[in-house]
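Since the structure comes first, as structure tokens, the remarks are kept for the end.
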Number of protein chains: 2
Amino acid sequence: MIHSKPSKNIQKICNAKGISLTQKRQNIFHILLSSKIPLSAYDLTDVYKNKFETAMPTMSIYRILEFLTASGLVHKLESTNKYIACSHLQCDHEHSNAQFLICNSCSGVEEITLTSELHKQIETGAEQTGFKVESLQFELHGTCKACLNTH
Amino acid sequence: MIHSKPSKNIQKICNAKGISLTQKRQNIFHILLSSKIPLSAYDLTDVYKNKFETAMPTMSIYRILEFLTASGLVHKLESTNKYIACSHLQCDHEHSNAQFLICNSCSGVEEITLTSELHKQIETGAEQTGFKVESLQFELHGTCKACLNTH
DNA sequence: TTAGCAACGATATATCATATCATCTGATGT
DNA sequence: ACATCAGATGATATGATATATCGTTGCTAA
């Protein structure tokens with residue numbers, strides 16, 4: 001099983017980034033941080049209702065997800081249309097080269113960072129065709145260590 | 001601008017693969033082959049109607065897309081939920097290491113093949129965490145050569 | 001205090017995809 | 001030729017994901 005690191009001084013991180021993290025945005029972010037698996041916007045609607053005993057419209061969830069992804073606090077998994085908290089919030093470096101290992105068995109996700117060497121090689125390969133790479137997100141599907149060990 | 005190679009002896013290829021390529025499947029495939037940009041299932045519904053002057057239910061389009069992707073004739077782009085003909089049909093080799101260069105300007109897609117060396121390095125990186133990779137599809141977004149040249 | 005703006009709510013609708021059962025069609029054995 | 005069977009397709013319904021738009025709230029700063 002794979003899960004995110006626990007929440008830490010996120011508010012400070014946001015202040016440093018100049019990000020206005022409202023209570024509701026924090027709530028959504030914390031749900032994602034404490035979830036072992038990625039959640040869809042509608043999953044979040046349900047969890048929010050259960051956890052905070054008040055409903056948030058899915059439209060608002062989407063807006064908040066957009067804000068959080070733009071801020072780099074949350075990633076959208078394109079192969080599953082689900083959302084996950086960034087697990088490298090404590091790092092300073094850019095995460096333009098994130099890579100997600102998605103377990104087909106437990107749905108857990110591990111976020112690792114491509115070595116800059118590898119990242120560069122990939123960009124170079126693409127740019128040999130005259131293509132200018134602006135963004136990339138690699139999602140690998142398979143089976144995580146824990147699930148392999150339990151057969 | 002980027003586009004697929006023209007259709008060739010697809011029927012022969014399919015026979016060789018033991019694939020039953022019905023007329024309707026051929027029609028869908030040919031629309032994708034002749035499209036300069038990836039199409040959604042609903043795009044295909046519209047194009048089909050215009051081109052063949054008879055409607056095909058979207059449900060059938062989805063079934064045919066499933067068949068074509070399972071057969072390796074068509075790829076689904078996960079970052080855009082659209083479908084594109086495989087541009088390496090004449091090759092014999094496996095395409096498990098395909099990489100898609102998606103132009104944010106013209107929506108064109110170029111399908112290139114990762115060097116097996118690079119492919120291996122990426123897998124190795126993942127597997128160092130104990131993760132067993134089963135499938136991957138790399139989609140890079142950026143700007144293609146033609147769009148770069150026209151500013 | 002109030003003008004302005006960002007956040008959020010409410011509602012509608014667009015877009016992407018699957019479930020299920022019915023019907024058609026073409027290959028096969030007799 | 002006919003029956004039969006399976007795979008392909010049609011028809012209908014519904015589920016899942018996402019965006020558009022306009023109204024309301026609530027903070028903040030002159």
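The structure presented is a predicted model; accordingly, all values stated were derived computationally and were not measured.
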| Any side-chain donor paired with an acceptor under 3.5 Å for B:Thr113 and B:Gln99? | no
| query | Considering residues at least two apart in sequence or located in another chain, which fulfil the ring pair (Phe, Tyr, Trp, His ring centres under 6.0 Å) criterion with A:Phe67? | reply | none
| field | B/S/- contact track for nucleotides 8-16 of chain D, protein heavy atom under 4.0 Å | value | SBBBB----
| Under 4.5 Å between any side-chain heavy atoms of A:Leu32 and A:Ile84, yes or no? | no
| request: Check every nucleotide of DNA chain C for an atom under 4.0 Å from a heavy-atom of chain A, then give the first and the last such nucleotide from 5' to 3'. | output: C:dA7 to C:dT11
| remark: A:Thr45 meets the side-chain contact (heavy atoms from CB on, under 4.5 Å) criterion, sequence neighbours left out, with A:Thr58, A:Ile61
| How would you label the contact of A:Thr58 with the nucleic acid (heavy atoms, under 4.0 Å): base, sugar-phosphate, or nothing? | nothing
| field | With sequence neighbours excluded, residues passing side-chain contact (heavy atoms from CB on, under 4.5 Å) with A:Lys76 | value | A:Asn81, A:Tyr83
| field | Any side-chain heavy-atom pair of B:Glu134 and A:Asn104 under 4.5 Å | value | yes
| task | Would you mind reporting whether B:Val133 and B:Ile122 have side-chain heavy atoms less than 4.5 Å apart? | result | no
| Any residue meeting ring pair (Phe, Tyr, Trp, His ring centres under 6.0 Å) with B:Phe138, in chain and number order, not counting sequence neighbours | A:Phe138
